[in-house]
Undergrad: 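Take a look at this one; I'll ask things after.
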Amino acid sequence: MNGLDCWVGIDLGSTTTKAVILDSEGAILGRGITNSRSNYDVACAVARAEAFVDARFALARRTLEADAELAPRTELLLPVIAASFAEAKHGAALDALRAELLVAARNDFYKSWQPALDRVLGEIVDEMEVRAPALFVPGAERKSDFFRDLASSSFMQLSEEAADPGTMPQDVLIGMFDKAIIKVENQELEVSFEEHVGQALDRLLEAAGLEAGERARAAELMEYAVGMPLQERAHVGTGYGRARLPFPKASIRSEILCHGLGAHATFPSTRTVLDIGGQDTKAIQVDERGIVTGFQMNDRCAAGCGRYLGYIADEMNLGVHELGPMAMKSTRKVKINSTCTVFAGAELRDRLNLGQQREDILAGLHRAIMLRAMSLLARSGGVHDDFTFTGGVARNPAAVRALRELVTENYGERKINISAASIYTGALGAAIFARRAEDADESTEEAAA
Amino acid sequence: MTETVPAQRDASMALQKKILGEHYHALAQAPETGAKTAYTFVPGNLTELIRSFDMLPVLPEINALQSGMRKQSGDFVREAEKLGHSEDVCTYVKCDIGMLKGGNIGPTGEHIPDPDLLLLSYTGCFTFMKWFELLKQEYDCEIAMLHVPYQGGGEITQEMVDYIVRQLEESVIPKLEKVTGKSFDEDAVSERLALSAQAEEDFVYVLESAKHRPSPIDGYFGGVFYIGPIFSAFRGTQAGIDYYQALRSEVDARIAAGKGPVTPAGEVTDERYRLVVEGPPNWTHFREFWKMFYEENAVCVASTYTKVGGLYDRGFRHDPSKPLESLARYCLGCYTNLNLPQRVDLISDYVREYSADGFLINSVKSCNSFSAGQLVILREVEERTGVPGGFIESDLVDPRYFSAANIKNRLESYLQMIEQRRQPVGATG
Amino acid sequence: MTTTCGIDVGASTVKCVIARSDAGQNAERLGQRFERIRRRDIAAVVDEVVDTALGEIDLTRDDLDYVATTGEGEFVTFRTGHFYGMTTHARGAVELEPEARGVLDVGGLHARAILMDERSKVLGYRMTSQCASGSGQFLENIARYLGCSLSEVGELSRQSQEPEAPSGICAVLAETDVINMVSRGIKTEDILKGIHLSMAERYARLLRAAGVKGVILMTGGLAMDTGLVAALGEEIERQGVPAELRTHGDSIFAGALGAALWGAFRHEKLRERGVA
Amino acid sequence: MASTVEELVARAEALALDVDLTGVAAWKEADPARRVVGYLPVFVPIEIITAAGMHPVGIIGGTDQVEIIRGDAYFQSYICHIPRSVVELGLSGRLDVCDGFLFPSTCDVIRNMSGIWKLEFPDKYVKYVDVPQNFDPEIGGNWWRHEITSLRADLEKLGEIEITDESMWTAIALHDENRRLLRNLYDLRSERPWLAPTSEVYLMQRAGLVLPVQEHNELLREYTEAATNSDRPLMDNSRIVLAGAFCEQPPLGLLRTLERAGCWIVDDDLLLGPRMITEPIIDPEGPVGDPVDALVKAFLDKAAAASFIYIDEKVKGAELADMVDKRQAEGVIFAAPSFCDPALLDRPMLARALDERGISHISMKYSENTGQFQTIREQAGTFADALKLWSDA
Ligand SMILES: Nc1ncnc2c1ncn2[C@@H]1O[C@H](COP(=O)(O)OP(=O)(O)O)[C@@H](O)[C@H]1O
Ligand SMILES: Nc1ncnc2c1ncn2[C@@H]1O[C@H](COP(=O)(O)OP(=O)(O)O)[C@@H](O)[C@H]1O
Ligand code: SF4
Ligand code: SF4
Ligand code: SF4
C-alpha cells in the first residue's frame with residue numbers, strides 16, 4: 001500500500017497543545033488537542049497522537065464516503081466509533097487515576113486517615129466509572145475535552161459527598177487527587193485504535209443499527225483506512241512553549257507569524273487577526289499574502305486572557321464551555337473593574353453577595369476581556385476587513401458576541417470570521433511553514449541536481 | 001560614559017573616557033581649588049555661560065545614567081522610594097536623590113561637590129523643575145530659573161527668544177554674578193561660542209557618516225558616547241574640539257576601509273538592517289540591549305536621543321556674534337522641545353535620508369516628555385515613510401523595568417517581519 | 001468587664017474572637033474560630049462561625065456588649081461598630097505579642113505592612129494593591145498544581161536545598177512558570193521555596209517601605225505557612241530590614257482579636273458618654 | 001418653587017457625567033454663530049473665551065463612564081489615564097462640538113497632547129498655552145501678556161468677531177462672581193460638612209465645566225442656599241484636606257468612599273483650574289485700565305499654589321499647611337492620579353512641610369476609572385480610625 005505524505009504543525013500553548021496534520025495537497029488531514037501539562041514532551045506527543053487518530057477518522061470518512069454502499073451510513077458509523085474510542089481512552093485514564101490515587105494515599109503523611117482513605121478513594125473512582133459512559137453517548141455535552149477537567153469536576157462533586165469534616169476532610173481527598181492527576185496526565189496511555197473500531201462496530205451490530213453485511217464491509221474499509229501508512233515529512237513547532245519543544249531551531253517559528261499565516265490560510269481575505277489564548281492576547285495585521293505587517297501582544301500581565309475565564313469557571317464550579325452560554329442569558333449590563341485575573345474571582349464573589357445575577361456579571365466579565373483586546377487591536381492598527389478571531393476564547397459565544405458589539409460600535413460593520421477550528425490556527429500556520437520549508441528544500445535540491 | 005567603555009573600543013572612546021574623567025576629577029578637587037559648581041541639565045544647558053564664570057557644570061542626568069550603567073541605580077531608586085517617592089515617577093530624579101543620600105559619589109568614585117548654584121535651565125520637560133525644587137530642599141544654595149517656552153506652535157518666535165534673553169539678563173546672569181563674585185563678560189562667552197561651533201561641525205559630520213553603506217558608526221548606542229562631551233561640560237573648550245577632530249578622522253578611516261561600527265560584542269561586518277531609533281536607551285542593561293542588535297546585524301543609523309542636547313544636524317550652530325540670543329535659540333531648539341508634528345517630520349526625514357529599513361521606538365517608562373505621544377509618532381511615521389515601525393518598552397535606570405526576554409522577543413519578531421516583507425510578492429504565498 | 005466579639009471577614013476566611021476585657025485591657029480570650037468561605041454565602045458563614053464559637057462557651061449573641069467587625073465586615077447586620085483592618089491588626093498584634101511594633105499581614109488577596117507604636121496606633125503602612133501576585137490565593141493555586149496541601153507547603157519548602165525562583169511577578173504567569181519548572185524536573189520543595197522567597201522579597205520591601213523597626217508580628221492566614229515565615233526571615237536579613245520577625249499560633253485571629261478589643265474600648269467610651 | 005438639594009444634585013450629576021456634551025451642543029445649535037472652545041486642565045484664562053461670546057468647556061477626562069478602546073492605542077500603560085479618555089472622547093466624535101482646544105502648560109503629557117491634536121484633528125484650532133514660570137511683571141508678565149493677546153487674536157479670528165475691552169471686563173466680572181460663589185460654597189462645606197458633603201460640592205463644580213458661566217453661577221447660588229437650609233443631621237467624622245487631585249479627577253466613588261470611611265473633606269484641589277485665581281480680579285472700586293493687564297496681574301499675584309508652577313522663593317507646602325490650619329483639618333490625604341509626575345514629585349516636599357508642622361497625612365493613588373475602592377477605604381478608614389481613637393482617647 002502506498003503511504004500518504006503528511007506535514008505536522010504543533011502549537012505548544014500555555015493551556016493547550018494543538019497539532020495539525022496537512023496532506024500533500026495542503027488540506028487538513030487531522031487535528032489534535034490536549035492540555036499543556038508539566039511535561040511538554042508528553043503534551044506534544046499526545047497532541048500529535050490525537051491528530052493522527054483524527055487523521056485516521058478523516059481517512060475513514062474519505063473511504064466511507066467513496067463507497068457507494070456505505071456512504072449513506074457514514075454519519076451513523078463515525079460518531080459511534082469516535083465516541084467509543086474516546087470512552088476507551090477515558091477508561092484507561094481512570095484506571096491510571098485509580099492506581100495513582102492509591103499510591104498517593106500510601107504516603108506517611110496520610111497514615112492517620114487509613115484505611116478509610118483507600119476505601120473512599122476506591123468508591124469515588126468506582127462511581128466515576130459508572131458515570132463515564134453517559135459522557136460519551138454520541139452528541140453528549142461534556143464540560144471539557146480533557147481528562148483533567150472531566151475527572152476533576154466529578155471528583156470534586158463526589159469527594160464533597162463522601163467527605164466528613166471529622167473523619168475524612170475533603171481537603172485530604174482533594175490533595176490526593178491533585179497529586180495523582182499530575183502523574184496520570186504525564187503518562188502516555190496506549191489505546192489501540194484498531195481494537196476500538198472493532199468494538200464499536202460490534203456494538204452497532206448489537207444495537208441493530210447495522211446489518212451484518214454492512215459490518216463486514218465497514219470493517220474492511222476501516223482496516224484500509226487504519227492501515228494506511230502516514231509518513232511525516234516535516235514538522236514545525238510554535239507557541240508559548242516553542243523553545244522547549246524537542247525540535248531543532250530551524251523547525252521553530254514565532255507564534256505571531258504562524259497565527260498570521262494560519263488565519264490567512266483559513267480566510268484568505270483576512271487582514272486583522274485577534275488571537276486570545278490562555279495567557280496571552282495577540283493582535284496581528286497581515287497583508288494579502290498572509291505576511292505580518294504589524295502586531296501587538298500583552299505581556300507581563302495575564303489580565304483578560306483565557307486563564308481569566310478559567311479562574312472564573314473554577315470559582316463558579318463550571319467548565320469553561322459553560323461560561324459563554326450562561327453569559328448569553330444576561331439581561332442587564334454590569335461593569336466589571338478588575339483587571340487582574342486573580343482579583344476577578346474576588347470581584348465576582350462581591351457582586352454575587354450584592355445580589356447581582358451571575359449571568360449579568362459573567363456578561364460584564366466577557367466584555368471586560370474584550371475591551372482589553374480592543375485596546376491591543378487599536379494599538380496594532382485597528383480592525384480591518386476581514387477580521388478573524390482565533391484562539392481558544394473564540395470558542396466562547398459570549399466572548400464572540402462582546403467582540404462583535406465592540407467592533408461594530410467602534411469600527412462599523414466588519415466581516416468577522418470565526419472558524420470552528422480557530423484554536424488550531426497557530427498549529428495550522430506551523431504546518432504550512434513545515435510544508436513550505438520542505439518545498440524550498442526540494443526545489444534547491446532539484447536545482448542542484 | 002567613563003567607566004563603561006565597551007570591551008572592544010575605538011581610540012576615540014579612550015579619549016572620551018579620559019576627558020570626562022578629568023572633569024570629574026576637577027569637580028572632586030573643587031573644594032580645594034575653590035572652583036564653584038553649577039548643577040544644570042543637558043537639554044538647554046548654558047555651558048559657555050557657566051564656563052565664562054569659571055564655574056564647573058554638574059549634570060545630574062549624566063550621573064544618573066552612569067549609575068544605571070554601573071548597576072547602582074536600582075539601589076538608588078529604591079532608596080528614594082523609601083523616602084516617599086512614588087514608583088510612578090521619572091527614575092532619573094529618584095536615582096539622583098538616592099545617590100545624593102548615599103554621599104554623592106560620582107561615577108569615577110570621587111565625591112561630587114555640593115552645588116553653589118542650581119541652574120534650572122529647563123528645556124522640554126517639566127520634571128526638571130520638580131527635580132531642582134527637590135534638590136533645593138537638600139542644599140542651601142542659590143537657584144536660578146530659566147523658563148524656556150515650548151515650541152507648541154511648531155516654531156521659534158522672536159517673543160520666545162526675547163523672553164529668554166530677558167531672563168538671562170535679569171535673573172540668570174545676576175545669580176551667576178552673585179554666586180561667583182565675577183561680572184558678566186560677553187566677549188568671554190562669545191569666544192567660547194566660537195569654539196563650540198567648531199566642535200559642532202565635526203560632531204555633525206560624525207553623525208551623518210551613518211548615511212554611508214555600511215554605516216561606519218552606530219548612531220544610537222555608539223552615538224551615546226559621541227554626544228557625551230558636547231552635551232555635557234565640553235562645549236566651548238579646546239578638549240571638546242580635539243575630541244571631535246579625533247573622532248572624525250577615526251570615522252573617515254572606517255569609511256575608507258568600508259567597515260561597520262564597533263560594538264562591545266564585536267564589529268558589525270554584515271549590516272543587515274538599518275534602523276532609526278526614537279527614545280533614550282536603557283542604561284541598566286545597555287550592553288545586553290546593544291548586543292541584541294548586534295546579533296541580528298542591525299545598525300542604528302540615526303536616533304533622536306542624540307538630539308536632546310541640540311539639533312546640530314539640522315543646521316543650528318552657536319553664534320558668537322549674538323551670544324545671548326544664540327543661547328536662547330539653542331535652548332528652544334533641543335529635541336524634546338519640539339512639538340509632536342515636528343518630531344514626526346524629523347523622524348520621517350531621518351528614515352529617508354539614512355535609507356532606513358525601519359524605525360524603532362524604545363519607550364521608557366520614566367519619561368513622559370519622550371513617551372507621551374510615541375504611539376502616534378509610530379503610526380504617522382509608518383504612514384509617511386512606508387517602512388515598518390517597531391515598539392519596545394523599558395526604562396532608563398530602573399532595572400525592574402527591563403525584561404530581556406520580552407524585548408528580545410519583540411525585537412526578533414520585528415526584524416523577522418522586516419525580513420519577510422522584503423521578499424518579493426509570491427515568494428511566500 | 002465587657003464581653004465583646006470581633007469578626008474579621010476576609011477574602012477567603014471568616015474569623016471570630018470572643019473576649020472579655022476591661023475596656024480593651026487585661027483581656028481574656030473566651031473563644032475563637034475560623035472558617036473558609038469556599039464559595040458559600042458569606043453572611044451564612046459569619047452566622048455559623050459566630051454562633052458556633054458562642055455555643056462552645058455557652059453564650060449567645062445577647063451576652064455580647066459590642067460586636068465589632070473588621071475587614072469586609074461592614075455588611076454584617078448585627079454589628080455594633082466597624083474598625084478598619086490595619087487598626088485591628090495592629091491592636092491584635094500588640095495583644096498577641098506585646099513587643100511588636102510592626103505587623104505583616106498576609107491574607108488571601110492582599111498583603112500589608114503596618115508600623116505602630118506600643119499603644120498600637122498605626123503610624124505608617126504599605127499595602128499591595130491592584131495586583132494579586134504573591135498573595136495567599138496565588139500560593140494556594142500553586143500548591144494545588146504541585147499536588148500538595150497547604151499544611152504540607154511549609155514543611156516541604158524548608159527542606160529545599162536549591163530554591164528556584166519564578167521569573168515573573170504575575171500570579172497567573174507564574175503558574176505557567178511553575179509548570180515549566182516541573183517539566184524541567186525541579187523538585188517540588190525547590191519550587192515552593194523559590195516562590196516563598198519571591199513572595200518574601202516583596203514583603204520585605206513592603207516592610208522596608210513602611211519603615212518598620214524592631215519586633216514585627218506576622219498575622220493573617222499565611223503566618224501559618226512556616227516555609228514562608230522562614231523565607232521572610234532570610235529576606236529581612238538579606239535586605240537589611242532592621243526587624244525581627246515573629247509569629248504566633250493565633251496569628252490568623254489578629255484582626256478579629258483587635259476588633260474585639262477596640263470594640264470593648266469604644267463600648268466603654270460610649271458608656272461614659274451615656275450612650276450605651 | 002425652589003429646587004431641593006436632591007434635585008440640584010441630580011441635575012449637577014447629570015451635567016457632570018454628560019460625556020457626550022449634549023447640553024453644550026444644544027447651546028451651540030441655538031445660533032450658528034456660536035463657538036465652543038474646550039480647555040484641558042489645569043489653568044487657562046477662560047475669561048477671554050467668555051468675552052468672545054464663546055462657551056468654554058472644561059475637558060477633564062471621561063470619568064469612569066467612558067470605555068477606553070482606542071485611547072490605549074495612544075498612550076502606554078505608564079501614562080496617567082486622563083489623556084487616553086480625552087483621546088477616546090475626541091475620536092468617538094464626542095468633542096466634535098468644540099471648535100477649538102486649549103492645552104495649557106501643565107505637564108509633559110498635556111503638552112504633547114497638543115501635538116497629538118494637531119495631527120489627529122488638523123481642522124480644529126489648537127493652541128498650547130504656555131504659562132510663565134517667571135513672575136517678574138516685566139519678564140514673565142510680558143510673556144503672559146503676549147500669550148493672552150495672541151489667544152485673544154486667535155479667538156477673534158475663530159469667531160470672526162472683535163473682543164472689546166468692555167466684553168472682557170464683563171466676562172471677568174462673571175468669572176469673579178463664579179469664583180466668589182465657589183469660595184462661599186467651600187466655606188460652607190468647611191463649617192458644616194454634613195450639609196454640603198464633597199461628593200455633592202464636587203458635582204456642583206464639575207457641572208460648571210459644561211455650563212455657561214451665568215448658568216453655573218445660578219446653580220451655585222441655588223445649591224448653596226438649599227444646602228444651608230437643609231436639615232441634614234450632624235455627623236462626627238474626621239476633617240481632612242485632599243491634595244494632589246488638581247488634574248485628572250478621582251471617580252465619584254472615591255470621594256464617596258472617603259466620606260463613608262469617616263472623612264469629611266474640608267478643602268481640596270479638585271478641579272483647581274477655575275478656582276486658580278484666589279481673589280477678585282476686578283478691584284473693589286471697579287475696572288480700571290487694560291483688562292489684559294488685569295488678567296496678567298491676577299496670575300502673577302493671585303494664583304493658588306500648584307505643582308505645575310515654579311515655587312520661586314516660596315516654601316513648598318506652606319500653602320497646604322496653612323490651608324489645614326485655616327480649615328481646622330486634622331490631617332491630609334494625598335490622592336494623586338497614578339503616573340502623575342507633577343503631583344507625585346511634589347508629594348515628598350509637601351509631606352515634609354506637613355511633618356514639620358506636625359500634621360498627619362496619608363497618600364494614595366487613583367485613576368479616573370478606578371472601580372475598586374477596598375484599598376482606599378481601608379487606608380482612609382484606618383486614618384479616620386486613628387484620628388477617632390487617638391484624639392478623644
Ligand atoms: N470550548 C471552549 N469554550 C470556551 N472557552 C474555551 C474553550 N476551549 C478553550 N477555551 C478557552 O481558551 C483558552 C485556551 O486557549 P488557547 O488558544 O488554547 O491558549 P494557549 O495557546 O495559550 O494554550 C482557555 O483558557 C479557555 O478559556
Ligand atoms: N495552614 C495553612 N498554611 C498556609 N497557609 C494557610 C493555611 N491556612 C490558611 N492559609 C492561607 O491563609 C489565607 C487566609 O488568610 P486570611 O488572613 O484569613 O485571609 P483573608 O483575610 O484574605 O481571608 C488563605 O488564602 C490560605 O492561603
Ligand atoms: S522625564 Fe524625561 S526629560 Fe524629564 S528628567 Fe526624566 S528622563 Fe529627563
Ligand atoms: S494584575 Fe493579576 S494578572 Fe496582572 S500581573 Fe498582577 S497577578 Fe498577574
Ligand atoms: S494627571 Fe498629572 S500627568 Fe496626567 S495629564 Fe494631568 S498633570 Fe499631567
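The chains referred to below are lettered A, B, ... by the order of the sequence lines, with proteins before strands, and numbering in each begins at 1. Just the heavy atoms: all of them, side chains too, but no hydrogens, waters or symmetry mates, feed the values below. What you are looking at is a predicted structure, and each value in this text was computed from that prediction instead of being measured.
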Undergrad: Do any of residues 353-368 of chain D come closer than 4.5 Å to chain B, heavy atom to heavy atom, and if so which ones, in number order?
TA: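 Hits under 4.5 Å: D:Lys365.
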
Undergrad: Please report the interatomic distance CG(B:Asn368) to CD(D:Gln76), rounded to the nearest 0.5 Å.
TA: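 With rounding to 0.5 Å, CG (B:Asn368) is 8.5 Å from CD (D:Gln76).
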
Undergrad: Test B:Phe126 against every option in D:Ser307, D:Ser105, D:Pro342 by the side-chain contact (heavy atoms from CB on, under 4.5 Å) rule and name the one that passes.
TA: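 So, applying the side-chain contact (heavy atoms from CB on, under 4.5 Å) to B:Phe126 and each of D:Ser307, D:Ser105, D:Pro342, only D:Ser105 qualifies.
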
Undergrad: Quick one: does any side-chain atom of D:Lys118 pair with a main-chain N or O of B:Gly152 as donor and acceptor, under 3.5 Å?
TA: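 Yes; judged by distance alone, with no hydrogens or angles, the pair exists.
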
Undergrad: Can you list the residues that meet the ring-ring contact (aromatic ring centres under 6.0 Å, His included) rule with B:Phe370, with sequence neighbours excluded?
TA: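 Partners of B:Phe370 under the ring-ring contact (aromatic ring centres under 6.0 Å, His included) test: B:Tyr335.
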
Undergrad: So which pairs with a foot in residues 143-159 of chain B pass salt bridge (Lys or Arg N to Asp or Glu O under 4.0 Å), sequence neighbours left out?
TA: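 For residues 143-159 of chain B: none.
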
Undergrad: Checking heavy atoms, do the side chain of B:Val165, its backbone, both or neither come under 4.5 Å from chain D?
TA: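 Neither part.
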
Undergrad: Do the non-hydrogen side-chain atoms of D:Leu119 and B:Glu380 ever get within less than 4.5 Å of each other?
TA: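 They are in side-chain contact.
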
Undergrad: So, taking the atom named CD in D:Gln133 and the one named CD in B:Gln167, what distance separates them when rounded to the nearest 0.5 Å?
TA: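 So the gap between those two atoms works out to 9.5 Å.
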
Undergrad: Is any residue of residues 136-145 of chain D within less than 4.5 Å of chain B by heavy atoms, and which ones?
TA: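 Near chain B, by residue number: D:Glu138, D:Ile139, D:Gly140, D:Asn142, D:Trp143.
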
Undergrad: Side-chain contact, heavy-atom cut-off 4.5 Å: B:Lys130 with D:Asp346?
TA: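 They are in side-chain contact.
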
Undergrad: Would you say D:Asn112's side chain and B:Ser369's backbone share a donor-acceptor pair under 3.5 angstrom?
TA: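 Checking the backbone N and O of B:Ser369 against the side chain of D:Asn112, a donor-acceptor pair under 3.5 Å is found.
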
Undergrad: As an exercise, state the distance from OH of D:Tyr78 to CG of B:Asp88, rounded to the nearest 0.5 Å.
TA: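 Between atom OH of D:Tyr78 and atom CG of B:Asp88 there are 12.5 Å.
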
Undergrad: Output the distance between atom CD (B:Gln137) and atom NZ (D:Lys316), rounded to the nearest 0.5 Å.
TA: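 B:Gln137 atom CD to D:Lys316 atom NZ measures 9.0 Å (nearest 0.5 Å).
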
Undergrad: Looking only at atom types and distance, does a side-chain atom of D:Asp130 sit under 3.5 Å from a main-chain N or O of B:Tyr150, one as donor and one as acceptor?
TA: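 Looks like yes, one N/O pair under 3.5 Å.
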
Undergrad: If every non-hydrogen atom of D:Leu344 is compared with every non-hydrogen atom of B:Ser86, which pair is closest and at what distance?
TA: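 Closest approach of D:Leu344 to B:Ser86, heavy atoms only: CD1-OG, 3.6 Å.
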
Undergrad: How many angstroms lie between atom OH of D:Tyr128 and atom CD of B:Gln151, to the nearest 0.5 angstrom?
TA: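 Those atoms lie 12.0 Å apart.
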
Undergrad: Of the backbone (N, CA, C, O) and the side chain (C-beta and beyond), which part of D:Ser114 lies under 4.5 Å from a heavy atom of chain B, both, or neither?
TA: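 Side chain only.
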
Undergrad: Taking all atoms of both residues into account, what is the closest heavy-atom pair of B:Pro341 and D:Gly115, and its distance?
TA: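 Reported closest heavy-atom pair: CD-CA, 3.8 Å.
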
Undergrad: From B:Gln374 CD over to D:Tyr74 OH, what is the distance, rounded to the nearest 0.5 angstrom?
TA: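 Reported to 0.5 Å precision, the distance equals 15.0 Å.
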
Undergrad: Output the option from D:Pro132, D:Cys340, D:Pro83 having the highest count of non-hydrogen pairs under 4.5 Å with chain B.
TA: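 Counting heavy-atom pairs under 4.5 Å, the top option is D:Pro132.
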
Undergrad: Quick one: does D:Leu345's side chain get under 4.5 Å of B:Met129's, heavy atoms only?
TA: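 No, their side chains stay 4.5 Å or more apart.
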
Undergrad: Checking B:Leu120 against chain D: side chain, backbone, both or neither under 4.5 Å from a heavy atom?
TA: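 B:Leu120 touches chain D through side-chain heavy atoms alone.
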
Undergrad: With respect to chain D, which residue among B:Val376, B:Val89, B:Leu83 yields the maximal number of heavy-atom pairs within a distance under 4.5 Å?
TA: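 Going by pairs under 4.5 Å, I would pick B:Val89.
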
Undergrad: Before accepting this row, confirm whether a basic side-chain N of the pair B:Glu138/D:Arg352 lies closer than 4.0 Å to the acidic partner's carboxylate O.
TA: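 Looking at D:Arg352 together with B:Glu138, the answer is yes, because their closest N to O distance falls below 4.0 Å.
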
